[in-house]
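Chain identifiers are assigned alphabetically (A, B, ...) following the order of the sequence lines, protein sequences preceding nucleic acid strands; residue numbering begins at 1 within each chain.
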Amino acid sequence: MEKVFMKGNEAIAEAGIRAGCRFFAGYPITPQNDIPEYMSRRMPEAGGVFVQGESEVASISMLMGSAFNGVKSMTSSSGPGLSLKSEGISTMAGMQLPAVIVNVMRGGPGTGAIQGAQMDYLMATKASGHGGFRMIVYAPSTVQEAVDYTIRAFDKAEQYQQPMLIAADGHIGAIMESVELPEMRPVANMKKNYEFFPHPGFGKTRQQVYSVDLNLKAQEDFNRYLADLYDIWNRDEVLVEEYLVEDAEYVIVTYGTSSRIARAAIKALREEGVKIGMVRPISLYPFPYDSIRKLDPNKVKKILCLELSIPVQVVEDVELAVQGKIPIESYGRAASLVFTPEEVIGYFNSIK
Amino acid sequence: MEKIYSRPVSLNPVAFNYCPGCLHGTSQKLLCDVIDELGKQEDTIAVMPIGCSTMGMFAFDFESLGACHGRAPAVATGVKRTAPEKLVFTYQGDGDIGYIGFSEIMHAANRGENFTVIFANNGTFGMTGGQMAPTTLIGQRATTAPLGRDPSYGQGMPIHMSELVASLPLPVYVERCSVDTPAHANATRKAIKKAFDIQLAGKGFSFVEILTNCPTNWGVSPVQSIAWIKEKTYTEYPLGVYKDITQEG
């Protein structure tokens, strides 16, 4: 393990290289530009390929080609770029091609605010494109987690032969922290391990990979296969941190950079004797419903959803888990503006 | 008697899914023929588009993958950059390459990617039912240009892909061919062979446009569609080599 002081975006790129990523294609957009810049100099050193795509759309399409060849592949962007990439991400889900996509989230809608925010929760978790597909979505809260979950995303992409998403808010991309980098992994070609869902019209003897099946029964069977896969993810792939929830009368639900601010607020409130804790989803999808479902309505007076987004988006999943049994409040800031721990405490005191 | 011709080995023994009289089958058979001649069945990866062209997926007995609409040259970039030893080509129609995928074709060509683009130009959106394509002729009727394509009505002029690609500095070889007669089909076969040879020699980007037909959406018989190519298509899209720098430097 090598300990370095590194910026989040560059750490994500280096983590990709160390996980065995040898193809990167991307397009400039703030606040993720350090990733393609870093890759442009690092990828040739590692014996891989960097391409500056002519567009977001072309960049994700290039990943289809490299993933087809069994090369671990990565692209990165931010909100508007993710909208453009959605066609390709959906298609890769349909083609069963693995890749890691990084969204260094900013404000929205539209061009929005170009610094860090957390405004793509619903897109990331419900519909990163057409056709009802899902990705495992990791939301790191430190540069160390950005490294760890980028590597895990490559493993999961390969394990499930599906695209995976890192939803890092722009602050994680921009901050510098000390981080332990793992050893460089030996690069293994994945191609021999590919197993595709059987389609009757093609691909019987050769690797022929499409997201279309003119045989409607076969297409429906494939849709069912994906639905079953998402059930498996919901059973096996939930990652969550529960912080001081044991005796909590108030529970904050938040992730990424917001969770660091929440943690500071919780520490301060605990010193005043307030029984408050936090449920922090690390996997935004699959969402840790159970961690919220198990909260005792007789003990927990309120749940507070915190997000750098207006409207607060994560509240929709919290509502699904709570089923009206515990009152829910939500507080957000948008336009790349960030709440302070004092602001969170002030809001808490106004709703408790 | 000696057998002098048979189905290419890399062409599956299945019926093409195309309409009666459609020349996509001819073009795709020629491709397979060249791949056999080069002995590359095991080392070819085809990147297929959206549209009628993509139904080659059922015919080709070699590796292939399906791009999103227009994105085949970007997908092929990812394929070829990570497998330089493979023979990689895209097979795209005119809506795919001239409208929605215009950026992808121009930038792959401008980077001088070392793969081959086969462009089947029949001046219509076949699969979706005959809408106006970027290559639809002036006056030609389409379901979205019911009075015929009219530039003064904001429907633009027929776009000339071979000429545009040839205007870029890095493409090595650009030729427009046709499959309306046996002689032209043979010339197309030669052009495909030349393009693939260029790629296999690592020389760079090659582009072969094939003028083809769509009796169904042109609203004519297969035989009339051949006359149409001769009388109308050639006038707008002259056959010929638009760029060939294989002999230079």
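- Both the backbone and the side chain of A/M64 come within less than 4.5 Å of a heavy atom in chain B.
- The two residues A/N69 and B/T82 have their closest heavy-atom pair at ND2-OG1, 2.8 Å.
- When heavy atoms are compared at a cutoff of 4.5 Å, A/S90 does not approach chain B at all.
- Heavy atoms closer than 4.5 Å to chain A are found nowhere in B/E113, neither backbone nor side chain.
- Counting heavy-atom neighbours within 6.0 Å of A/Y27 OH, excluding the residue itself, gives a total of 12 or less.
- For A/I60, no part lies under 4.5 angstrom from a heavy atom of chain B.
- For a residue to count as touching a neighbouring chain, one of its non-hydrogen atoms must lie under 4.5 Å from one of that chain's; by this rule A/F50 touches chain B with the backbone only.
- A heavy-atom distance below 4.5 Å is found between the side chains of B/E104 and A/E54.
- Of all heavy-atom pairs between B/R81 and A/V49, the closest is O-CG2, 3.7 Å.
- Contact annotation: the side chain of A/F202 never approaches that of B/S64 to less than 4.5 Å [non-hydrogen atoms, C-beta and beyond].
- In this structure, chain A has heavy atoms under 4.5 Å from both the backbone and the side chain of B/A83.
- Counting only distance, with no hydrogens or angles, the side chain of B/R71 and the backbone of A/V57 share no donor-acceptor pair below 3.5 Å.
- Highest contact tally toward chain B, considering only A/G201, A/G203, A/S211, is held by A/G201 [criterion: heavy-atom pairs under 4.5 Å].
- For A/A58, the parts sitting under 4.5 Å from any heavy atom of chain B are the backbone and the side chain alike.
- When every heavy atom of B/F62 is checked against every heavy atom of A/R206, the shortest pair comes out as CA-CD, 3.3 Å.
- By the 4.5 Å heavy-atom criterion applied to side chains, B/D61 and A/T205 are counted as neighbours.
- Taking B/M106, B/H107, B/M48, B/H69 one by one and counting their heavy-atom pairs under 4.5 Å with chain A, the maximum is reached by B/H107.
- One finds the CZ atom of A/F68 at 5.0 Å from the CD1 atom of B/I45 (value rounded to the nearest 0.5 Å).
- For the atom pair CD of B/E63 and CD of A/Q208, the computed distance is 8.0 Å after rounding to the nearest 0.5 Å.
- Nearest heavy atoms, A/G65 versus B/V79: CA-CG2, 3.3 Å.
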